[in-house]
Amino acid sequence: MATPALDGLGMPLGDGLADLVPDSIIAFDADGIIRLWNRGAEQLFGWMAEEAIGQPADALLATSHPFGLSFIADALAADGEWSGELFRTTAGGRELYLSVRRILRRDAHGRGALTIEWARDAHQVSEGEISAHRFSNLFHAMAAAFWELDFSDVRKAIGGLVAAGETDIPAYLRANPDFIDRAIRMVRVIDVNEKVLEMYGLPSREVALAGPMDWAWPRESRWVFAESLVAAAERRDSFSVETAFDTWDGRRIDGLFTVCWPTDHKARGTVLVGVIDITDRKRAFQELEASEERYRTLFEHMPVALLQLDMQPLYDRLGELARAGVADLAAYVEDTPGFLDEVLMLPQIQEANIEGLRLLGVDSVEELRGPIVWAWRERPETIRRSLAARLRGERQYSEETVITRPDGTPVDVIYTMAFPPALMQRGFNVVGLVDISERKRAGEALRRSEERLRAIQAEFSHASRISTLGELTASIAHEVNQPLAAIAASGQASLRWLDRAEPDLAEVVALAGDIVADANRASDIIARIRGMAMKRDPDPRPLALNAMVEEALLIVRHEALGRDVAIETRFAEGLPPVSGDRVQLQQVVVNLALNAIQAIAGAGREERRVSVSTAAGAGDTVEILVRDSGPGIAPTDLGHLFTGFFTTKESGMGMGLAICRSIVQSHGGSIGAENVPGGACFRVTLPLAGG
Ligand code: ADP
């Protein structure tokens, strides 16, 4: 089907209606992208609807107009419709001269949403249609104000000058402005058309015919009057110039003034003057100049490097391919070896702003002439991806990359290429480059100092583990001693069983089993202590929280027993894993548990209990709570427990909690302390793995 429905655009031409018309009917959106393509268009231009829809209309059809395409766009935007002739090229490469009518359908916001275009080969347009067209041209021409003027008195006055021996009339006029003023007043108005009344703000025809029309000539325009006298003297057919006029009601207008002396008028001594009001056009032109100027100023002084590229040769090349029937240009570029390298030779830098020259390390844009291949030496894939984005019809492409200066040095940049339709129609694009080499260097320095910080933190936590082990020496020795003593006892018992006249081998086997179990117990204890004592880099991995806490508590179990403190645990079930370094997190648990045991022992409390529990925390977190039945923390100390070198113990260092905090924070968690009824409570919050 040639005309898919145009969803959401309120398009009555959808559903195949456009196919009922034998002529070409196409529609394109505000970006010039073809949205509708009827059978007539398929026949006229040679592309099927599937090929044409989604393509930029003017690029596909190589549309051109003698005044440029923006002329049509302006007329369309102003009047909502436009008719005229256009040149285009068919898929087969045939040049067409088309008679075209366009109407603009605006969207709910009054902006141009869709342009619907009817087109027919201009050579096929019937005579009737042509003359209707001509008539409309004539009608538009009537928008001029026409004055029929009687110059006979002026002619007589000039004749008098010649009779008095004046040979150089132009020189005389230049030297005698008073004569021009008098001559203007000698002109009599014979007739005016309606447009004169409107343009010059005259109340009636009678007023226009009543007196001299010197009010219309401001002083600075009187030379125009003189020039037209000279033109008449030189027997030219017409004379045309832009000049200012005053109106009857006191306005100043810009007019295109044309005076002509048609043969029949010459006989009557009258001339025809036509004036077209070009005030708006002039203002629009000035505004255009001003906006060009603004663009230039902005371009020049933006603190971003901007390069204006001439892309026309590249677009022409791609246009050729499209006309040769290549439907998927992006795929073609990818799949055709050497093609990209070939087309990348085509774009050239037209302009570069101050920052652009600085970034590229050159003094003038002249040094950037020629193919820009030098820029992509380091990262050719950037320009490949950028071109692919353009071919997919995206409005801009941006990425962080490296470009190479003409002198061969690389620069880290954020590269942005914009493809605004307005620029693309004129065949150029703007590339923006933001120099991020400084930022990158700063980032690297930051990363290095963070690495150093982590190394120092690892050193500290190691030192602190050693010192914790130091505190535990007595209970560790005792703990290791227990299985060793049991091994010795079992060994002696075995010897006794073997020493009998009839050795009881079954007993010996059982005892040997006990020996192995005790030896394993001792070796487990030593492995745990070695784990704490060893110096190693943090090794984060998913950890089951409860098992990690349980194992940590084995290290302080003996210390608690020795001080007659009971350790209770309450583990929440089904907790998701956390991500962390097992030894470091165990160090936190050991520190908190040991502090709790010491606090209770130091206070000589009756109730001697530490309760360690795990729980799901707020959001994606889990918590470890260590609560004791000790004296609690003095309210004034709560604020600086974790700051380091704060201790209330005689041989304390005050580093334990500071290191706990740094470990927990490096795991993305937090630690806090509070007093609860009957003691202190420390709470460690950790994020879940992957959370
Ligand atoms: P240290 O154990 O060397 O004093 P820490 O940083 O581990 O260093 O502890 C700092 C101080 O915090 C301790 O001296 C003690 O005053 C206080 N503290 C820590 N845990 C507890 C607790 N469970 N109950 C009461 N006070 C505590």
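Both counts, for ligands and for their atoms, begin at 1 and track the order of listing. Side-chain atoms are counted along with the backbone in the values below, which use heavy atoms only and exclude waters and symmetry mates.
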Considering [options] one by one, which has a heavy atom nearer to [atom] than any of the others?
{"atom": "atom 15 (C) of ligand 1", "options": "Thr648, Asn591, Val626, Leu592", "answer": "Thr648"}
{"atom": "atom 7 (O) of ligand 1", "options": "Leu638, Asn595, Thr647", "answer": "Asn595"}
{"atom": "atom 11 (C) of ligand 1", "options": "Phe682, Phe645, Phe646", "answer": "Phe646"}

Completion exercise
Gly652 heavy atoms within 4.0 Å reach ligand 1 at atoms 3 (O)
Taking atom types as modelled and ignoring hydrogens, do the side chains of [X] and [Y] form a donor-acceptor contact shorter than 3.5 angstrom?
{"X": "Arg385", "Y": "Tyr397", "result": "yes"}
{"X": "Tyr332", "Y": "Glu334", "result": "no"}
{"X": "Thr614", "Y": "Glu623", "result": "no"}
{"X": "Ser464", "Y": "Gln587", "result": "yes"}

Of all the non-hydrogen atoms in the protein, which one sits nearest to [atom], and at what distance?
{"atom": "atom 24 (N) of ligand 1", "result": "Ala599 CB, 3.6 Å"}
{"atom": "atom 9 (O) of ligand 1", "result": "Leu657 CD1, 3.7 Å"}
{"atom": "atom 18 (N) of ligand 1", "result": "Leu641 CD2, 4.4 Å"}
{"atom": "atom 2 (O) of ligand 1", "result": "Lys649 NZ, 2.6 Å"}
{"atom": "atom 23 (N) of ligand 1", "result": "Asp628 OD2, 2.8 Å"}
{"atom": "atom 26 (N) of ligand 1", "result": "Ile633 CG1, 3.7 Å"}

Exercise for the section: Look at ligand 1 and say whether Gly654 reaches it with a heavy atom at a distance under 4.0 Å. Expected result: yes
Exercise for the section: Give a yes/no verdict on whether any heavy atom in Gly632 is under 4.0 Å from an atom of ligand 1. Expected result: yes
Problem - Pair Glu355 + Arg358: basic N to acidic O under 4.0 Å - result: yes
Exercise for the section: Answer yes or no: are there more than 12 heavy-atom neighbours, outside Arg536 itself, under 6.0 Å from its atom CZ? Expected result: yes
Completion exercise
Exactly one of Asp539, Ile663, Val664 clears side-chain contact (heavy atoms from CB on, under 4.5 Å) with Gln584, and that residue is Ile663
Problem - Cation-aromatic face contact Arg379/Tyr415, 6.0 Å, 45 degrees - result: no
